[in-house]
Amino acid sequence: MQLIQETLDLSAYLAADEAIDHDHPLVRETAAKLSDGVADSYEYARAAFEFVRDTIPHSQDSGDLRVTWRASDVLEQRTGICYAKAHALAALLRAEDIPTALCYQKFDEVHGLVAVRFHGAWHRQDPRGNKPGVDARFSLDGERLAFTPDPASGERDYPVLYAAPHPVVLDTLKAARDRPHLWQTLPAAL
């Protein structure tokens with residue numbers, strides 16, 4: 001699948017916004033800790049990916065009822081669903097000047113992940129969190145995502161690389177009272 005940038009301006013994929021608040025002190029502090037001792041931006045990106053994937057539980061897996069959507073809140077509260085974890089990873093990567101896009105897949109509901117730009121190309125990464133049957137890995141040599149869509153079942157990858165969270169996703173997260181409410185209102189399409 002060919003990924004399509006929403007905008008040709010790469011600086012848009014480095015910008016801070018209300019959800020990807022990489023200018024927040026907690027995001028900056030976390031990025032500084034993760035960058036300590038890494039040799040280059042590739043190693044940093046892998047460390048940030050593994051940090052979000054492994055130390056911030058997916059709230060559905062952990063049973064956490066809280067809904068987070070802002071990167072700094074995800075880092076502070078240590079919980080989030082796929083979209084929120086993608087926002088956190090995007091903020092950590094952008095804090096270190098790594099262009100990062102938000103991208104989505106369609107299953108029964110829309111699933112969120114990120115794409116990072118290295119060596120002139122975009123590479124999708126899924127920080128959702130591993131569990132039995134899910135083994136996502138950071139990779140620039142072929143995708144190692146949490147899920148693979150089955151087109152015969154109506155599932156698909158959305159090819160657009162968004163500079164900011166899709167409004168449908170962000171509005172859904174912000175309107176949710178708690179995770180059970182969120183689960184009833186997850187978008188089925190973009």
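Residue numbers start at 1 and run along the sequence shown. If you're wondering where the values come from, they're calculated on a predicted model, not measured in any experiment.
- In this structure, Leu14 is not a member of the same hydrophobic cluster as Tyr42, with clusters built from ILVMFWY side-chain heavy atoms closer than 4.5 Å.
- Looking only at atom types and distance, the side chain of Asp141 has no donor-acceptor partner in the side chain of Ser139 under 3.5 Å away.
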### Task
Starting from the C-alpha separation in whole Å, work towards a yes-or-no answer on side-chain contact (heavy atoms from CB on, under 4.5 Å) for Arg137 and Arg53.
CA-CA 9 Å; Arg137 303 281 173 179; Arg53 182 195 64 192; 4.0 Å; yes
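- Hydrophobic clustering (side-chain heavy atoms under 4.5 Å, transitive across Ile, Leu, Val, Met, Phe, Trp, Tyr) keeps Leu93 apart from Tyr13.
- The shortest distance between side-chain heavy atoms of Asp17 and Pro165 falls below 4.5 Å.
- A 4.5 Å side-chain heavy-atom check between Leu161 and Glu6 finds every atom pair outside the cut-off.
- Side-chain contact between Thr100 and Leu89: absent, with no pair of heavy atoms (C-beta onward) separated by less than 4.5 Å.
- Judged by distance alone, the side chain of Lys131 and the main-chain N or O of Asp61 form no donor-acceptor pair under 3.5 Å.
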### Query
Can you check ring pair (Phe, Tyr, Trp, His ring centres under 6.0 Å) on His111 and Phe147, steps first, answer last?
CA-CA 9 Å; His111 174 63; Phe147 309 109; 5.1 Å; yes
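- Residues Gly80 and Thr68 come closest through the heavy atom pair CA-OG1, 3.4 Å.
- Here the closest heavy-atom approach between residue Val134 and residue Gly129 is recorded as CG1-O, 3.6 Å.
- Listed by chain and residue number, nothing satisfies the salt bridge (Lys or Arg N to Asp or Glu O under 4.0 Å) test with Arg28 (two or more places apart in sequence, or in another chain).
- We find the OG1-NE2 distance between Thr30 and His22 to be 14.0 Å, quoted to the nearest 0.5 Å.
- In this structure, the side chain of Arg94 does not engage the main chain of Ile20 through any donor-acceptor pair within 3.5 Å.
- Of all heavy-atom pairs between Phe118 and Ser41, the closest is CE2-OG, 3.4 Å.
- Not a single side-chain contact (heavy atoms from CB on, under 4.5 Å) links Asp36 to another residue, sequence neighbours left out.
- No side-chain N or O of Glu109 forms a donor-acceptor pair with one of Trp183 less than 3.5 Å apart.
- In this structure, Leu113 shares a hydrophobic cluster with Leu145, the cluster being traced through Ile, Leu, Val, Met, Phe, Trp and Tyr side chains under 4.5 angstrom apart.
- With a 4.5 Å cut-off on side-chain heavy atoms, Pro99 and Val116 do not count as touching.
- Counting only residues at least two apart or in different chains, salt bridge (charged side-chain N to carboxylate O under 4.0 Å, His left out) contacts with residues 163-174 comprise Glu18-Lys174.
- Ionic pairing of Glu155 and Lys106 is not present here: no N-O contact between side-chain nitrogen and carboxylate oxygen is shorter than 4.0 angstrom.
- At a threshold of 4.5 Å between side-chain heavy atoms, the hydrophobic network of Ile, Leu, Val, Met, Phe, Trp and Tyr places Trp122 and Leu190 in two separate groups.
- Evaluation of the side-chain contact (heavy atoms from CB on, under 4.5 Å) rule for Thr55 yields Phe51, Arg78 as partners, not counting sequence neighbours.
- A salt bridge links Arg144 with Asp135: the distance from a Lys NZ or Arg NE/NH1/NH2 to an Asp or Glu carboxylate oxygen falls below 4.0 Å.
- In this structure, the side chains of Ser59 and Arg66 stay at 4.5 Å or more apart for every pair of heavy atoms.
- Side-chain contact annotation: His87 with Asp21, donor-acceptor N/O pair under 3.5 Å absent.
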#### Entry: Trace of the side-chain contact (heavy atoms from CB on, under 4.5 Å) decision for Asp23 with Val27
CA-CA 7 Å; Asp23 49 356; Val27 176; over 6 Å; no
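- Rounded to the nearest 0.5 angstrom, Gln60 CD and Leu65 CG are separated by 10.0 Å.
- Checked by atom type and distance alone, the side chain of Arg117 never pairs as donor or acceptor with a backbone atom of Ile98 at under 3.5 Å.
- For the pair Tyr162 (side chain) and Tyr104 (backbone), a donor-acceptor distance under 3.5 Å is absent.
- Residues Leu3 and Arg124 have side chains in contact (heavy-atom distance under 4.5 Å, counting atoms from C-beta outward).
- Between the side chain of Lys85 and the backbone N or O of Pro127 there is at least one donor-acceptor pair closer than 3.5 Å.
- Salt bridge status for Asp126 with Arg128: absent, with no side-chain N to carboxylate O gap under 4.0 Å.
- Under the side-chain contact (heavy atoms from CB on, under 4.5 Å) criterion, Ala47 pairs with no residue, sequence neighbours left out.
- Ring geometry for Phe138 against Phe49 counts as tilted: the plane angle lies between 30° and 60°, on a 0 to 90° scale.
- Although no hydrogens or angles enter the test, the distance criterion places a donor-acceptor pair under 3.5 Å between the side chain of Gln5 and the main chain of Thr7.
- Side-chain contact check for Val110 versus Val168: every heavy-atom pair is 4.5 Å or farther apart.
- Not a single donor-acceptor pair under 3.5 Å links the side chain of Tyr83 to the backbone N or O of Trp69.
- Nearest heavy-atom pair across Leu92 and Ala48 is CB-CB, 4.3 Å.
- When all heavy atoms of Ala95 and Ala31 are compared, the pair lying nearest together is CB-CB, 3.9 Å.
- Nearest heavy atom pair, residue Ala176 against residue Val67, reads CB-CG2, 4.1 Å.
- Here Asp150 does not pair with Arg156 in a salt bridge; the nearest charged N to carboxylate O distance is not below 4.0 Å.
- The line from SG of Cys103 to CD1 of Ile4 is 12.0 Å long, rounded to the nearest 0.5 Å.
- Atom CD of Glu76 sits about 11.5 Å away from atom CD1 of Ile56, to the nearest 0.5 Å.
- Leu10 and Leu140 sit in two unconnected hydrophobic clusters of ILVMFWY residues. Membership requires side-chain heavy atoms under 4.5 Å apart, directly or through other members.
- Here the side chains of Asn130 and His58 are not in contact, with every heavy-atom distance at 4.5 Å or above.
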